[in-house]
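The next block holds one structure in the form of structure tokens; read it before the comments.
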Amino acid sequence: MSAAVVFALAGCTVDNSRLDEAQAPAAITVGSGESAESQVVSGIYAEILRGTGSPVEEAAPVTRAEYVEELGTADTTLVPDFTGQLLHFFQPDSTLTDPDEVFEELNRSLPEGFSVSDYSDAELKTEADTTAENVVPLMRSGVLTEDQVKALNVVAGELTSADLASMAERVRRGETDPKRAANEWLAAR
């Protein structure tokens, strides 16, 4: 090697300090609708995701139109919703009522960049509803890891209609707040 090349190489250094620092994952923002049911499930989702080691922020409750917009602009990562209501938001003329058919059609009607994971057997019961209203996480596609989605799917397998109705009623009566109801439900698991 010539002396010039040796001197040129000697002057080059590599900054490895960034490689040594563990990259902190971006915070997941869990949104919520305005209903007591949505706020309770939002709290459950937030705690489940914290349990995966993820930093989680919780957004204030807003309308469906507002959180769909926030999902679209990446201000929110996921929000709990209900399959039938969400399908009617994206496809107002839908007449489907079977839970599996509603879920399949919901998947087809979501805008690009949105996805849902497994829906829960827990249903929102209202007198006027004839549509399947199963709890489902609406999220930005590709943001959550496979382990995070699996953690949310555990909720889908364990949350019941009775659990949801009881927690929401206690919140509405002022006996507890959504976060405490969510934590109590999780502690019982």
Side-chain angles (χ1 to χ4, degrees), residues 22-33 35 37-62 64 66-91 96 98-124 131-161 163-164 167-168 178-179 181-189:
Q23 290 243 344
I28 295 168
T29 303
V30 179
S32 170
S35 72
E37 291 84 359
S38 182
Q39 292 174 47
V40 168
V41 178
S42 176
I44 292 171
Y45 287 169
E47 289 306 314
I48 288 286
L49 291 168
R50 283 187 184 105
T52 68
S54 304
V56 176
E57 297 174 358
E58 295 177 68
V62 295
R64 179 172 288 113
E66 290 171 318
Y67 64 68
V68 166
E69 182 178 327
E70 290 173 0
L71 282 165
T73 60
D75 291 334
T76 297
T77 310
L78 84 147
V79 63
D81 211 320
F82 301 95
T83 54
Q85 292 177 14
L86 196 53
L87 175 59
H88 283 281
F89 182 81
F90 291 116
Q91 197 178 92
L96 298 173
D98 176 77
D100 290 332
E101 291 175 358
V102 168
F103 183 72
E104 288 174 26
E105 189 61 27
L106 173 59
N107 271 301
R108 286 191 286 270
S109 69
L110 290 173
E112 186 175 334
F114 287 33
S115 62
V116 291
S117 186
D118 293 350
Y119 69 87
S120 171
D121 287 336
E123 292 182 300
L124 176 64
T131 304
E133 297 297 351
N134 299 87
V135 174
V136 65
L138 173 65
M139 62 191 101
R140 291 193 49 75
S141 299
V143 175
L144 298 181
T145 67
E146 186 176 329
D147 288 341
Q148 291 165 334
V149 173
K150 284 181 182 178
L152 293 174
N153 289 345
V154 170
V155 176
E158 294 186 16
L159 183 64
T160 67
S161 298
D163 291 340
L164 182 59
M167 290 185 287
K179 188 172 188 96
N183 286 331
E184 289 171 357
W185 183 84
L186 287 164
R189 307 278 124 335

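What you see is a predicted model; the values in this text were computed from it and never measured. Values below: all heavy atoms of this structure, side chains included; hydrogens, waters and symmetry mates excluded. In what follows, residues are counted from 1 in the order of the sequence shown.
Around atom CD of Glu69, no more than 12 heavy atoms belonging to other residues, nucleotides or ligands sit under 6.0 Å away.
Side-chain contact between Leu96 and Gln91 is absent, with no heavy-atom pair separated by less than 4.5 Å. Annotation: side chain of Gln148 is in contact with side chain of Ile28 (closest heavy-atom distance under 4.5 Å). Annotation: side chain of Val154 is not in contact with side chain of Ile48 (no heavy-atom distance under 4.5 Å). Inter-residue side-chain proximity for Arg64 and Leu86 is flagged as met; some heavy-atom pair is nearer than 4.5 Å. In this structure, the side chains of Met139 and Ser117 come closer than 4.5 Å at one or more pairs of heavy atoms. Residues Tyr45 and Val56 form no side-chain contact, since every pair of their non-hydrogen atoms from C-beta on lies 4.5 Å or further apart. Put simply, the side chain of Leu152 reaches to within 4.5 Å of the side chain of Leu49, judged on heavy atoms. Counting heavy atoms from C-beta outward, Ser109 and Leu87 have side chains that approach closer than 4.5 Å.
The two atoms that bring Thr83 and Ala132 nearest to each other are OG1-O, 3.0 Å, heavy atoms only. Taking both residues in full, the closest heavy atoms of Ser38 and Pro80 are given as O-CG, 3.4 Å, listed atom of the first, atom of the second, then distance. Between Gly33 and Gln39 the shortest heavy-atom distance is O-CG, 3.5 Å. The shortest heavy-atom contact between Glu133 and Gly84 is OE1-N, 3.4 Å. Closest of all the heavy-atom pairs between Met167 and Ala181 is SD-O, 3.6 Å. Taking every heavy atom of both residues into account, Ala26 and Pro55 meet most closely at O-CG, 3.9 Å.
To the nearest 0.5 Å, the span separating CD on Glu58 from OG1 on Thr76 amounts to 12.0 Å. How far CZ of Arg189 is from CD of Glu184: 11.5 Å, rounded to the nearest 0.5 Å. Considering CG of Asp163 and CD1 of Ile44, their distance stands at 8.0 Å, rounded to 0.5 Å. Note: Ser32 OG to Leu78 CG = 10.5 Å, rounded to the nearest 0.5 Å.
Judged by distance alone, with hydrogens and angles left aside, the side-chain atoms of Thr77 form a donor-acceptor pair with the main-chain N or O of Thr29 at under 3.5 Å. In this structure a side-chain-to-backbone donor-acceptor pair under 3.5 Å is present from Asn134 to Ser120. Checked by atom type and distance alone, the side chain of Ser161 pairs as donor or acceptor with a backbone atom of Glu123 at under 3.5 Å. Checking side-chain atoms of Ser141 against main-chain N and O of Phe114 turns up a donor-acceptor pair under 3.5 Å.
Val62 is linked by a side-chain contact (heavy atoms from CB on, under 4.5 Å) to Glu66, Tyr67, Glu70, counting only residues two or more places apart in sequence or in another chain.
At a cut-off of 3.5 Å, with distance as the only test, no side-chain donor of Thr52 or Asp147 sits close to an acceptor on the other residue.
Relative ring orientation between Tyr119 and Phe103 is described as tilted, the plane-to-plane angle lying within the 30° to 60° band.
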